[in-house]
Amino acid sequence: MFSSMINSVMGFSLSVLVMFFGWMLSFNVLMDREKNSPFECGFDPLKSARLPYSMRFFLLAIIFLIFDIEIVLLFPMLTNVLMMFSYKSILGCFWFLIILIVGLFYEWSDGSLDWVN
């Protein structure tokens with residue numbers, strides 16, 4: 001009972017000490033308008049928000065998300081193939097990889113992956 005109260009007091013005092021030092025050291029950072037403004041998607045937050053959006057940036061971001069989700073789906077397939085060595089799981093993983101490779105080559109030949117044109 002007594003040791004849990006000591007642990008609680010020590011944890012609370014340590015967290016207060018860390019917050020205090022963080023607060024004291026945060027005043028050393030130079031405060032200017034550009035560092036305190038949010039930066040998203042390459043837009044300058046200090047200029048007008050009505051600038052045209054780059055469609056190439058949008059398409060590249062969507063392609064990245066699609067391939068990222070496909071890679072996340074690929075990891076459980078690989079563990080399934082390693083745990084249950086069956087021809088159905090190997091064939092399913094093979095077809096999934098073939099679809100990924102065909103999609104990558106299609107986007108590459110279409111020019112969707114070229115950032116500078």
Side-chain angles (χ1 to χ4, degrees):
M1 176 74 180
F2 185 68
S3 66
S4 66
M5 191 165 80
I6 290 175
N7 287 341
S8 298
V9 169
M10 290 294 289
F12 179 74
S13 62
L14 184 63
S15 64
V16 168
L17 186 69
V18 168
M19 286 192 306
F20 175 73
F21 279 126
W23 179 70
M24 288 299 291
L25 294 175
S26 68
F27 288 117
N28 293 338
V29 178
L30 293 175
M31 300 291 181
D32 63 74
R33 187 174 172 194
E34 287 190 19
K35 283 189 178 181
N36 291 330
S37 64
F39 182 77
E40 297 176 10
C41 300
F43 287 112
D44 187 12
L46 304 177
K47 293 184 180 176
S48 174
R50 303 288 181 208
L51 296 175
Y53 190 72
S54 172
M55 188 57 95
R56 300 221 23 105
F57 178 79
F58 177 73
L59 288 175
L60 196 66
I62 294 295
I63 290 170
F64 172 76
L65 286 175
I66 289 171
F67 277 106
D68 195 34
I69 290 170
E70 289 170 348
I71 288 172
V72 167
L73 293 175
L74 189 63
F75 282 127
M77 275 189 189
L78 293 175
T79 57
N80 188 20
V81 166
L82 292 175
M83 293 176 90
M84 296 177 17
F85 190 76
S86 68
Y87 292 111
K88 287 183 183 180
S89 61
I90 291 174
L91 189 63
C93 189
F94 177 74
W95 280 111
F96 188 74
L97 284 173
I98 291 296
I99 291 170
L100 277 178
I101 292 170
V102 167
L104 177 66
F105 282 135
Y106 173 74
E107 289 171 357
W108 191 7
S109 67
D110 189 41
S112 297
L113 299 177
D114 293 331
W115 181 252
V116 182
N117 268 341

For F75, the hydrophobic cluster (side chain heavy atoms closer than 4.5 Å, chained through members) also holds I71

Same apolar cluster: L100 and L104, side chain cutoff 4.5 Å:
yes

Group every Ile, Leu, Val, Met, Phe, Trp and Tyr by side-chain heavy-atom contacts under 4.5 Å, then state whether L74 and F94 land in the same group. no

For this session: Spell out, yes or no, whether V102 and I63 are grouped together once hydrophobic residues are joined by side-chain heavy atoms under 4.5 Å, including indirect joins.
Result: no

Here the side-chain hydrogen bond (donor to acceptor under 3.5 Å, both in side chains) pairs for residues 101-110, sequence neighbours left out, are D110-S112

Q) Can you get from F105 to L97 by hopping between Ile, Leu, Val, Met, Phe, Trp and Tyr side chains that sit under 4.5 Å apart? A) yes

* F67 atom CZ, neighbour heavy-atom count above 12 within 6.0 Å -> yes

Listing, residues 9-19 side-chain donor-acceptor contacts under 3.5 Å, not counting sequence neighbours, or none:
{"from": "S13", "atom 1": "OG", "to": "V9", "atom 2": "O", "distance (Å)": "3.0"}
{"from": "S13", "atom 1": "OG", "to": "M10", "atom 2": "O", "distance (Å)": "3.0"}
{"from": "S15", "atom 1": "OG", "to": "G11", "atom 2": "O", "distance (Å)": "3.3"}
{"from": "S15", "atom 1": "OG", "to": "F12", "atom 2": "O", "distance (Å)": "2.8"}

Value for OH (Y87) from CG (L91), rounded to nearest 0.5 Å, stands at 11.5 Å

